[in-house]
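The next block holds one structure in the form of structure tokens; read it before the comments.
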Amino acid sequence: VTKTLQITNIDKENPSAPNITNSSNGNWTNQNVTITLVSTDNVAVASYEWYENGAWTTRALTTSSGVGTITYTVNRNEQIRYRAKDTAGNYSAEATTWVRIDKTAPTVSNIKVTSPAAGSYKAGQVVTIVATYSENVKGTAPTLGIKFGSGATKSLSGTISGSTITYTYSIAAGDNGTLTTVSNSGGALIDSVGNVATLSCPANSGNNIVADTTAPTVSNIKVTSPATGTYKAGQVVTIVATYSENIKGTAPALTIKVG
């Protein structure tokens with residue numbers, strides 16, 4: 001007896017490429033990104049897949065009532081591929097969207113004096129200090145605190161440009177000692193997606209600047225030779241003026257009188 005079987009439920013029709021809703025519209029964000037996938041099929045959509053690390057996967061992607069959902073929570077900058085699969089095993093064409101997440105706060109890479117060259121300087125010398133961050137920043141620059149020796153802290157306002165903030169200070173009368181950076185605080189500094197900068201104040205890694213605004217003074221003037229006594233014409237007398245610190249330039253004229 002020969003029986004003929006007629007198969008009437010054959011599905012060779014592919015689902016449509018997923019329609020994608022991206023919570024960040026493919027833009028950079030510091031928030032989680034949720035992707036919603038919707039595909040149509042002549043029978044039913046069974047699941048959705050995305051391409052990760054060289055293979056198709058359903059990891060973290062749920063499908064309910066023909067709708068696929070996945071949420072990305074960590075830093076990522078990737079154009080991701082998605083496809084739908086129907087109940088018969090037919091796959092759709094791919095659809096893509098960008099997921100760009102940045103949850104990393106900018107940090108201070110270094111703070112350094114860039115000018116002038118290392119050395120000692122008097123009042124009026126302008127000192128330039130540059131703080132470099134791990135990425136481009138914007139907003140309001142933090143206040144940079146510096147001091148010379150054991151003197152009072154000077155609070156400086158800065159100008160932002162890309163990943164750097166530039167501060168300047170003109171050495172003033174009364175500033176003496178080595179310049180140090182002592183604080184980096186305040187302001188409202190963020191990156192392009194709104195991550196708030198983590199502030200720190202590393203020691204100056206640039207030129208070593210010493211402020212010297214104290215004028216040298218005469219400590220004493222004395223005859224060093226010959227010994228105390230009475231001398232005739234032709235005797236050479238040596239007189240030494242000692243100052244409070246090393247000096248240079250043209251020596252002042254010393255006036256003496258005998259008798």
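Each residue takes its place number in the sequence, starting with 1.
- D86 places no side-chain N or O within 3.5 Å of a backbone atom of P15 that could act as its donor or acceptor partner.
- Side-chain contact between P226 and Q235 is present, with at least one heavy-atom pair separated by less than 4.5 Å.
- N75 contributes a side-chain N or O that, together with a main-chain N or O of K103, makes up a donor-acceptor pair within less than 3.5 Å.
- Under the ring pair (Phe, Tyr, Trp, His ring centres under 6.0 Å) criterion, W28 pairs with no residue, sequence neighbours left out.
- In this structure, I190 and N195 have side chains that are not in contact, with every pair of non-hydrogen atoms separated by 4.5 Å or more.
- In this structure, the side chain of Y121 does not engage the main chain of P116 through any donor-acceptor pair within 3.5 Å.
- For the residue pair S39/S16, the side-chain donor-acceptor check at 3.5 Å is satisfied.
- At distances below 3.5 Å, at least one donor-acceptor pair connects side-chain atoms of N176 with backbone N or O atoms of T213.
- Among T34, N27, T36, T97, the single residue meeting the side chain to side chain donor-acceptor pair (under 3.5 Å) criterion with N22 is T97.
- A salt bridge links E94 with R81: at least one charged nitrogen is closer than 4.0 Å to a carboxylate oxygen.
- Between the side chain of W98 and the backbone N or O of N25, no donor-acceptor pair lies under 3.5 Å.
- Judged by distance alone, the side chain of N184 and the main-chain N or O of L144 form no donor-acceptor pair under 3.5 Å.
- Not a single donor-acceptor pair under 3.5 Å links the side chain of S200 to the backbone N or O of P202.
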Let me have the donor-acceptor pairs involving side chains of residues 239-259, under 3.5 Å, with sequence neighbours excluded, atom names and distances please.
unit_1: S244; atom_1: OG; unit_2: T217; atom_2: N; d: 2.9
unit_1: S244; atom_1: OG; unit_2: T217; atom_2: OG1; d: 3.4

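- Among residues at least two apart or in separate chains, ring pair (Phe, Tyr, Trp, His ring centres under 6.0 Å) pairs with a member in residues 157-216 are F148-Y169.
- Residues meeting the ring pair (Phe, Tyr, Trp, His ring centres under 6.0 Å) test with Y91, sequence neighbours left out: none.
- The side chain to side chain donor-acceptor pair (under 3.5 Å) check on T140 picks up nothing, with sequence neighbours excluded.
- In this structure, the side chains of T69 and L37 stay at 4.5 Å or more apart for every pair of heavy atoms.
- Under the side-chain contact (heavy atoms from CB on, under 4.5 Å) criterion, S183 pairs with no residue, sequence neighbours left out.
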**OP:** Let me see the working for W50 and Y72 under ring-ring contact (aromatic ring centres under 6.0 Å, His included), right down to the final yes or no.
**Re:** CA-CA 12 Å; W50 63 293; Y72 298 95; 5.3 Å; yes
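- Side-chain atoms of R100 come within 3.5 Å of backbone N or O of G26 as a donor-acceptor pair.
- Put simply, the side chain of S155 never gets that close to the backbone of T143: no donor and acceptor are under 3.5 Å apart.
- A donor-acceptor pair under 3.5 Å is absent between the side-chain atoms of D212 and the main chain of K122, judged by distance alone.
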